[in-house]
Amino acid sequence: MNLIMSSVAATALISLILVFITFWLPSLNPDNEKLSPYECGFDPLGNARLPFSLRFFLVAILFLLFDLEIALLLPLPWGNQLLSPLHTLFWAMTILILLTLGLIYEWLQGGLEWAE
């Protein structure tokens, strides 16, 4: 019980220190650039009806998709210690094959090309 309480206390202490640093550190040198809102590279004071690049949106979706791949494959080392590691390998390979097929589809459709 003592180990659990000490690890909870250490985690809470580290979290409070990090929260204090994140609120204290940015307020040291506020200037106009830091105080202005950043809206994906657009001018926040300009026209709000500017056309949005669909290519940028597609790359962001692909990034999220392959970031999800890492999250799904993260438990793989622990899954290999199960009674049947072949079951874990089957599901990991299924995820990788589906994502690879999706990448090939995007590549063939021209979704990864920046220039027309």
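Residue indices begin at 1 and follow the sequence shown.
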Same cluster for Ile21 and Leu13 if Ile/Leu/Val/Met/Phe/Trp/Tyr side chains link at under 4.5 Å? yes
Test question: given the 4.5 Å side-chain rule for I, L, V, M, F, W and Y, name all other residues clustered with Phe90, or answer none. Trp91
Intermediate values then yes/no, side chain to side chain contact (heavy atoms under 4.5 Å, CB included), Leu103 and Leu99: CA-CA 6 Å; Leu103 180 64; Leu99 288 171; over 6 Å; no
Could you give all pairs that pass the side chain to side chain donor-acceptor pair (under 3.5 Å) test and reach residues 11-21, with sequence neighbours left out? none
How is the hydrophobic cluster of Ile104 composed, in terms of its other members, when Ile, Leu, Val, Met, Phe, Trp and Tyr link through side-chain heavy atoms under 4.5 Å apart, directly or indirectly? Leu108
Side chain proximity check, Leu16 to Phe20, heavy atoms < 4.5 angstrom: no
